[in-house]
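Below: the structure, in structure tokens.
Throughout, a chain's letter reflects where its sequence line sits, starting with A, and its residues are numbered from 1.
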Number of protein chains: 2
Amino acid sequence: MRRNQTEAAVLGALSVQPMTGYALREAIRDVLGHFWSESFGQIYPTLRALVQQGLVTQIPSSSNGRTSFTLTEPGLVRLRELLAESIQDPPPRNGLMLRLYFGRHLGPDACRALIAQTKAQAEGQLAGYQAIRDDILTMADSNQDSPYWLLTLSAGEHTTRALIAWADEALTCLADLTSTESAPTPTSLETPPN
Amino acid sequence: MRRNQTEAAVLGALSVQPMTGYALREAIRDVLGHFWSESFGQIYPTLRALVQQGLVTQIPSSSNGRTSFTLTEPGLVRLRELLAESIQDPPPRNGLMLRLYFGRHLGPDACRALIAQTKAQAEGQLAGYQAIRDDILTMADSNQDSPYWLLTLSAGEHTTRALIAWADEALTCLADLTSTESAPTPTSLETPPN
DNA sequence: CGCTACATGTAAGGTGTTACATGATTCC
DNA sequence: GGAATCATGTAACACCTTACATGTAGCG
């Protein structure tokens, strides 16, 4: 069951503008980074296959060995086909959740550290989203794609904000856990909450 | 760079209670399903390796060929080690976002259908979470793990609710897009919104 | 001239799924 | 007795990353 997802990502990126393989990887990392990823080991073989199928053409730029890849008409048709195929996401694998689910063996403090780290990452990401949003908005008038790009950006913002809200909630829950554990006699009146 | 994540998931699941390989897969699918997954092709070889390392013991149940696997003391130590390792999540690959990013080539209607489908799925998931929450709460008094389980459940609820909120927002954005496209003269007063 | 970034590619190896094969048990 | 479920396993294959190899171009 071939998924051809790399093909779709490459054709899609080239539909925005022609690029070299190197630039393609940079674009996928920097622009689609929140929801997609491809490595060189995928990109170059895929490009060669696409050229052989005539979905993409290679334009040697000046004298160097470097070539830009451009989407052809059949390539655009193929892209539409691939995008219309049913979505088949890889099975979920969230290392943070796995650790928290078995968090009793890890200890409340280690769990809190993991969550705090996640929250900090999420806050950084949120700031990055703002920068991307500004970028898209400045080119919005001349770019037909911008409404769709804002859609995916908004999804990232929503889920990231939800993650931060969850982290705050989780941190207070774990704080309660630690305090009740260090004071194993909940009915005791003498032990003050530190 | 071995990740041993399957090992951690299997040891973790067995730390809750002894099981057969088959039950292990069911438990991982049904209980960790929102954030984890393992297939038979992973579980059985991993179990054999764990037995060889003495991290898990095999208890033949009565006469059948079926055996339950039980976590040993060294196995518990190993589980703690694995959980303490740094998190290395697989690179993101979100098929829905890929399609929406290049949504111009797919068309607004197809995009709306994808989002509506996602929203419906998310709403179903949310109902499922409620059932799981009830299950956990009923056994909360006798189960030391329940606070941690509620943590991961809450994460699922937060992100799922965020997804639904995003979907609603996205659907209205796309509705605007369709109407402005089908009515290329925005200043026209005669064309009624269908 | 050396460092960094740009650029192209390959080979090895790990990870994980799918499909298949096989058989016992349970329930109707 | 037949169907569904429980149960164990393997082999082929798809997918993808990492590390390596190689070379150019621009800049201080």
Interatomic distance, [X] [atom1] vs [N] [atom2] [rounded to whole Å]:
X	N	atom1	atom2	answer
Q42(B)	dA11(D)	CD	P	16 Å
L50(B)	dT8(D)	CG	P	15 Å
D89(A)	dC15(D)	CG	P	14 Å
I28(B)	dT17(C)	CD1	P	10 Å
R29(B)	dT17(C)	CZ	P	13 Å
Q88(A)	dT17(C)	CD	P	13 Å
E38(B)	dT18(C)	CD	P	13 Å
Q58(B)	dA7(D)	CD	P	14 Å

Earlier contact from the 5' end, DNA chain D, for P45(B) and A23(B)
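Closer to the 5' end of DNA chain D: A23(B).
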Find which nucleotide of DNA chain D each of R93(B) and F40(B) is nearest to by heavy atoms, and output the residue with the more 5' nucleotide.
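Its nearest nucleotide being more 5', the pick is F40(B).
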For the residue pair G21(B) and L47(B), what are the closest heavy atoms and their distance?
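In this case the closest contact between G21(B) and L47(B) is CA-CD1, 3.8 Å.
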Do you know which two heavy atoms are closest between L79(B) and G12(B), and how far apart they sit?
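Looking at all heavy atoms of both residues, the closest pair is CD1-N, 3.7 Å.
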Would you please confirm or rule out a distance under 4.0 Å between OP1 or OP2 of [N] and any side-chain N or O of [X]?
X	N	value
T20(A)	dT8(C)	yes
R25(B)	dG9(D)	no
T6(B)	dT15(C)	no
S37(A)	dT17(D)	yes
Y22(A)	dT8(C)	no

When you compare the side chain of R25(B) with that of S39(B), does any pair of heavy atoms fall below 4.5 Å?
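No. Closest side-chain heavy atoms not under 4.5 Å.
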Where the side chain of [X] is defined as all heavy atoms beyond and including C-beta, which of [options] is the nearest nucleotide?
X	options	value
P91(A)	dT17(C), dG9(C), dT8(C)	dT17(C)
Y44(B)	dT17(C), dT8(C), dG9(D)	dG9(D)
E26(A)	dG9(D), dG9(C), dC6(C)	dC6(C)
S39(A)	dG16(C), dT8(D), dC16(D)	dC16(D)

Establish, from distance only, whether the side-chain atoms of T46(B) and E7(B) form a donor-acceptor pair under 3.5 Å.
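No, because no side-chain N or O of T46(B) sits under 3.5 Å from a partner of the opposite role on E7(B).
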Identified side-chain hydrogen bond (donor to acceptor under 3.5 Å, both in side chains) partner of Q58(A) from the options T70(A), T67(A), T20(A)
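It is T67(A); the other options fail the test.
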Mind checking if G41(A) touches a base, just sugar-phosphate, or nothing, with heavy atoms under 4.0 Å?
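The residue G41(A) makes base contact.
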